[in-house]
Amino acid sequence: MTLVGTTPQGTTPPPRLPVRERSTARHRAGAGLSPMLNRLAAERATGVLERERGSLYLAEGRVVHAESPLAPGLDVLLLTHGTLDPTVWRAAVEGADQRYGAARLLLDTGRIPRGALELCHLGALYDAAYFALAPSSTPGRFVYGTGHWLGPLLPVPVDALERETVRRRELLDRVWPDPLADGAPLRRTEAVAAPPATARQSAVLALVNGVRTASDIARELGRQAFHTLVDVRRLAAAGLLTALLPPPPVAPAAAHPPPGISMPRVNDPDIGLLKRLRDALEAL
């Protein structure tokens with residue numbers, strides 16, 4: 001029998017239990033990725049935040065650029081598929097200074113539309129920031145006043161960047177919850193009744209050789225590293241590839257005593273005594 005509680009007539013009903021909205025919970029979770037980054041955004045700081053896996057460049061508290069050794073840079077995204085001529089890119093990079101950044105010089109040449117440059121820039125920024133905001137074992141360091149040679153293009157608010165980073169983490173966990181394939185060398189496996197790979201996934205599989213990591217493959221294909229991670233985790237979930245485990249640590253060599261120092265001698269055990277103890281135990 002189920003009892004349903006009712007409020008007696010003439011009395012004040014109890015207050016409703018608070019319900020936290022999913023969007024609010026996600027925002028609060030994102031706000032904890034980097035307390036230092038949030039403090040810098042609050043004070044509208046300009047400079048570079050250097051973290052273990054990447055750097056975030058800020059201008060007046062907003063992120064204007066991000067770099068990580070685990071993510072292909074803007075140059076890779078622009079040049080690999082012919083979006084921009086390499087000579088135009090090199091000229092802009094070499095001619096950039098504090099007054100005119102490389103982005104401004106690229107747009108002045110008219111060789112690339114502003115929308116295309118902004119789209120590639122945002123892709124590279126969010127891609128590198130995903131790795132830069134990963135949990136780290138060392139504290140971050142902020143250098144005030146340091147700018148980036150690319151110059152301002154399309155700044156991103158810190159809270160938006162953190163929310164997107166949290167969304168990407170949750171997406172990868174839904175695809176395949178094991179992060180080992182994100183940074184380890186990958187090798188192909190023979191799966192039974194595996195679903196057919198898509199064209200994007202087949203291009204990733206073609207570069208899996210037991211040495212390359214997901215970041216290496218992304219750089220070879222000229223794709224964003226996060227998109228490659230999604231393909232890698234889907235292939236891992238389908239049983240088409242796996243991560244190579246790191247080799248076990250090598251045991252340290254046995255220490256030898258310095259010359260002239262003799263180790264204490266240990267006498268061999270009394271075999272007869274051990275046999276008598278065994279016989280006594282068997283007789284119990």
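Proximity of a side-chain donor or acceptor of Glu50 to a complementary backbone N or O of Gly140 within less than 3.5 Å is not detected. In this structure, Thr189 contributes its side chain and Ala191 its backbone to no donor-acceptor pair below 3.5 Å. Ser202 contributes a side-chain N or O that, together with a main-chain N or O of Thr198, makes up a donor-acceptor pair within less than 3.5 Å. Arg51 places a side-chain N or O within donor-acceptor distance of the main-chain N or O of Ala132, the cut-off being under 3.5 Å.
Atoms CD and CZ, on Gln224 and Arg219 in that order, are 13.0 Å from each other to the nearest 0.5 Å. Residue Asp127 holds its CG atom at 8.5 Å from OG of Ser68, rounded to the nearest 0.5 Å. From Ile112, atom CD1 reaches atom CG of Leu119 across 9.5 Å, with rounding to the nearest 0.5 Å. For the atom pair Ile217 CD1 and Thr213 OG1, the distance stands at 7.0 Å (nearest 0.5 Å). Note: Leu125 CG to Leu56 CG = 7.5 Å, rounded to the nearest 0.5 Å. Rounded to the nearest 0.5 Å, atoms CG (Leu150) and OH (Tyr57) are 10.5 Å apart.
Ion pairing of Arg169 with Asp173 is absent here, as no side-chain N (NZ or NE/NH1/NH2) approaches a carboxylate O to less than 4.0 Å. Using a 4.0 Å cut-off between charged side-chain N and carboxylate O, Glu164 and Arg167 make a salt bridge. Ion pair Arg233/Asp178 not flagged as a salt bridge, since none of the NZ, NE, NH1 or NH2 atoms sits closer than 4.0 Å to an Asp/Glu carboxylate oxygen.
Across all their heavy atoms, Ala41 and Val158 have their closest contact at CB-CG2, 3.6 Å. Annotation for Arg223 and Pro72: closest pair O-CG, 3.2 Å, computed over non-hydrogen atoms. Residues Leu77 and Cys120 share a closest heavy-atom pair of CD1-O, 3.9 Å. Residues Leu153 and Ala103 share a closest heavy-atom pair of CD1-CB, 4.1 Å. Among all heavy-atom pairs drawn from Leu186 and Ala214, the shortest one is CD1-N, 4.1 Å. The minimum heavy-atom distance linking His121 with Val64 is given by the pair NE2-O, 2.9 Å.
Under the 4.5 Å side-chain heavy-atom criterion for grouping Ile, Leu, Val, Met, Phe, Trp and Tyr, Leu105 is not connected to Val88 through any hydrophobic cluster. Cluster membership check: Met36 shares its hydrophobic cluster with Val166, using side-chain heavy-atom separations under 4.5 Å among Ile, Leu, Val, Met, Phe, Trp and Tyr. At a threshold of 4.5 Å between side-chain heavy atoms, the hydrophobic network of Ile, Leu, Val, Met, Phe, Trp and Tyr places Trp149 and Leu79 in one connected group. Hydrophobic clustering (ILVMFWY, side-chain heavy atoms < 4.5 Å, transitive): Val76 and Leu207 are in distinct clusters. Placement of Leu78 and Leu154 in two distinct hydrophobic clusters is found when ILVMFWY residues are connected by side-chain heavy-atom separations under 4.5 Å, directly or transitively.
Inter-residue side-chain proximity for Arg44 and Leu58 is flagged as unmet; no heavy-atom pair is nearer than 4.5 Å. Contact of the Glu60 side chain with the Thr46 side chain is registered, since non-hydrogen atoms from C-beta on lie closer than 4.5 Å. Looking at heavy atoms from C-beta onward, Arg212 lies in side-chain contact with Asn209 at the 4.5 angstrom threshold. Proximity of Phe142 to Val48: side-chain heavy atoms (C-beta onward) are nowhere separated by under 4.5 Å. Inter-residue side-chain proximity for Val156 and Arg62 is flagged as unmet; no heavy-atom pair is nearer than 4.5 Å. Inter-residue side-chain proximity for Asp75 and Thr80 is flagged as unmet; no heavy-atom pair is nearer than 4.5 Å. Side-chain contact between Leu106 and Leu84 is present, with at least one heavy-atom pair separated by less than 4.5 Å. Annotation: side chain of Ser34 is in contact with side chain of Leu133 (closest heavy-atom distance under 4.5 Å).
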Residue pair Glu162, Leu37: steps toward the side chain to side chain contact (heavy atoms under 4.5 Å, CB included) verdict:
CA-CA 10 Å; Glu162 290 190 323; Leu37 180 60; 4.3 Å; yes

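There is no side-chain donor-acceptor pair under 3.5 Å between Thr228 and Asp231. A donor atom on one side chain and an acceptor atom on the other are found under 3.5 Å apart for Ser137 and Glu52.
The other members of the hydrophobic cluster of Trp176, by chain and number, are Leu70, Tyr130, Phe131, Leu171, Leu172, Val175, Phe226, Leu229, Val230 (side-chain heavy atoms under 4.5 Å, ILVMFWY only). Counting Ile, Leu, Val, Met, Phe, Trp and Tyr side chains that sit under 4.5 Å apart, directly or through other members, Leu180 shares a hydrophobic cluster with Leu245.
Using cut-offs of 30° and 60° for the angle between ring planes, the His148 and His65 rings count as tilted.
The list of salt bridge (charged side-chain N to carboxylate O under 4.0 Å, His left out) pairs with a residue in residues 106-115, not counting sequence neighbours, reads Arg104-Asp108, Arg114-Glu118.
Applying the 6.0 Å contact sphere to CD of Glu43 captures more than 12 heavy atoms from other residues, nucleotides or ligands. The 12-atom threshold is exceeded at CZ of Arg168, counting heavy atoms of other residues, nucleotides or ligands nearer than 6.0 Å.
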